[in-house]
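Computed from a predicted structure; not experimentally measured.
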Amino acid sequence: NTSYTKVGSSAFKGCSALTYVDLPSNITEIDDYAFADVASLTTVDMKPSVETIGAQAFYNTSINLTTLPAKLKTIESGAFMSCKQLALNALPNQLTTIEAYAFFNCPKLAISQFGNVDSKLATIGIDAFNTSAAESNVVDVYIGASVNMIGSNAFKDYGKNGKVNSVILAKPVEEYL
């Protein structure tokens, strides 16, 4: 049915046999806990139409994404927390908000650029990337001028062995606080 625009809250939470999801192009929102605790879930085909990923929507799944939908604007709290196979290497330019714990404990994450000239990213919440990218080769992080708030511990223990060699800020540090 093409009239549905979101995957509802806890819709598939805990469905232990679910491994693959192909979302139709009319889906704009994946609600809170939609696929939480589906450890067997490895593949999600999200179309560019998805604008919001709700709180803990993919918490503790095995999804292996390298990109996010182009129209994505908001990643809510804990959306991808503890996704051990998540291997994102970039964020979409339309993304404005990454809430607290969004990517907490995602060891394969490989994002090094948080905002660029075309980016709308404004907020990086507390602990958003804490203990992530431990298995990647991320050593330098770039924070773009569009970012106006970086929460406490946002990048704590980020990068290979919890170490990032350098952080490049597009504007003075006090403007991010």
Short side-chain to backbone donor-acceptor contact, Ser40 and Ser16, under 3.5 Å | yes
Quick check: does any side chain N or O of Lys120 sit under 3.5 Å from a backbone N or O of Leu95, one acting as donor and the other as acceptor?
-> no
Which of these, Asp31, Thr97, Ile98, Thr52, sits in a side chain to side chain contact (heavy atoms under 4.5 Å, CB included) with Glu76?
-> Thr52
With Pro92, the side chain to side chain contact (heavy atoms under 4.5 Å, CB included) member among Val50, Thr67, Leu72 = Leu72
Between Asn153 and Asn130: side-chain donor-acceptor atoms closer than 3.5 Å | no
Do Val21 and Tyr33 belong to the same hydrophobic cluster, where Ile, Leu, Val, Met, Phe, Trp and Tyr are linked whenever their side-chain heavy atoms lie under 4.5 Å apart, directly or via other members?
-> no
Smallest separation among heavy atoms of Pro107 and Cys83, with atom names | CD-O, 4.4 Å
Would you mind listing the cluster partners of Met81? Hydrophobic ones only (ILVMFWY), side-chain contacts under 4.5 Å, chaining allowed.
-> Tyr59, Tyr101, Phe104, Ile126
So, are Asp22 and Lys47 salt-bridged, with charged N and O less than 4.0 Å apart?
-> yes
Is it true that a side-chain atom of Ser82 and a backbone atom of Asn105 form a donor plus acceptor pair closer than 3.5 Å?
-> no
Evaluate the ring planes of Tyr158 and Phe114, with Trp represented by its six-membered ring, and classify them as parallel (under 30°), tilted (30 to 60°) or perpendicular (over 60°).
-> perpendicular
Could you give the distance from NZ (Lys156) to CG (Asp127), rounded to the nearest 0.5 Å?
-> 7.5 Å
